[in-house]
Structure formats: structure tokens, C-alpha cells
Amino acid sequence: ALVVSCVGRRAVLGQRCEEELELAREALPPGAVMAGFYSYGEIAPAGALVPCELHNQTLVLTLIGEQSA
């Protein structure tokens, strides 16, 4: 699991950011590895057919895995 959190969230949530990460860890399958970093916002579209914009105070969680056949 790759976690990217906006540094603005840290400023707003303070120590609660750590609680947020613990909840994310608990939701992951047992043995899943979690790594991440702070960013200064994320760039992504706000909806279908909408140009990319800067989003602030967001947390992005990306799961990468493989399925056995």
C-alpha cells in the first residue's frame, strides 16, 4: 500500500494523522506492507471530462498486488 498524504492534512489534523494511518493499516490484509510520504497536494481530475486540478488536504491510498491463478 502506498500512502500519499498532503502536508496540509498534517497541519489541520495534527496527531490525528497518525490515527488515520493506523485505521488504514487495520483495513489492509494481514502482512500487507505500507509505505508513504507527505506531498504538497495532488493533481487529478475532479470528475469525468474535467481537466486536472490541484487538490489540497487529501490522502491517497493506492494498493498494489498480484492475484494467484
Would you name the heavy atoms of [X] and [Y] that are closest together and state the gap between them?
{"X": "Ala24", "Y": "Met34", "value": "CB-CE, 4.4 Å"}
{"X": "Gln57", "Y": "Val12", "value": "NE2-CG2, 3.5 Å"}
{"X": "Cys6", "Y": "Tyr40", "value": "SG-C, 4.1 Å"}

Review point. Can you find a pair of side-chain heavy atoms, one from Leu28 and one from Leu63, that are under 4.5 Å apart?
Key: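 Sidechains of Leu63 and Leu28: in contact.
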To the nearest 0.5 Å, tell me how far [X] [atom1] sits from [Y] [atom2].
{"X": "Arg25", "Y": "Leu61", "atom1": "CZ", "atom2": "CG", "result": "11.0 Å"}
{"X": "Glu20", "Y": "Leu59", "atom1": "CD", "atom2": "CG", "result": "5.0 Å"}
{"X": "Glu18", "Y": "Arg10", "atom1": "CD", "atom2": "CZ", "result": "5.5 Å"}

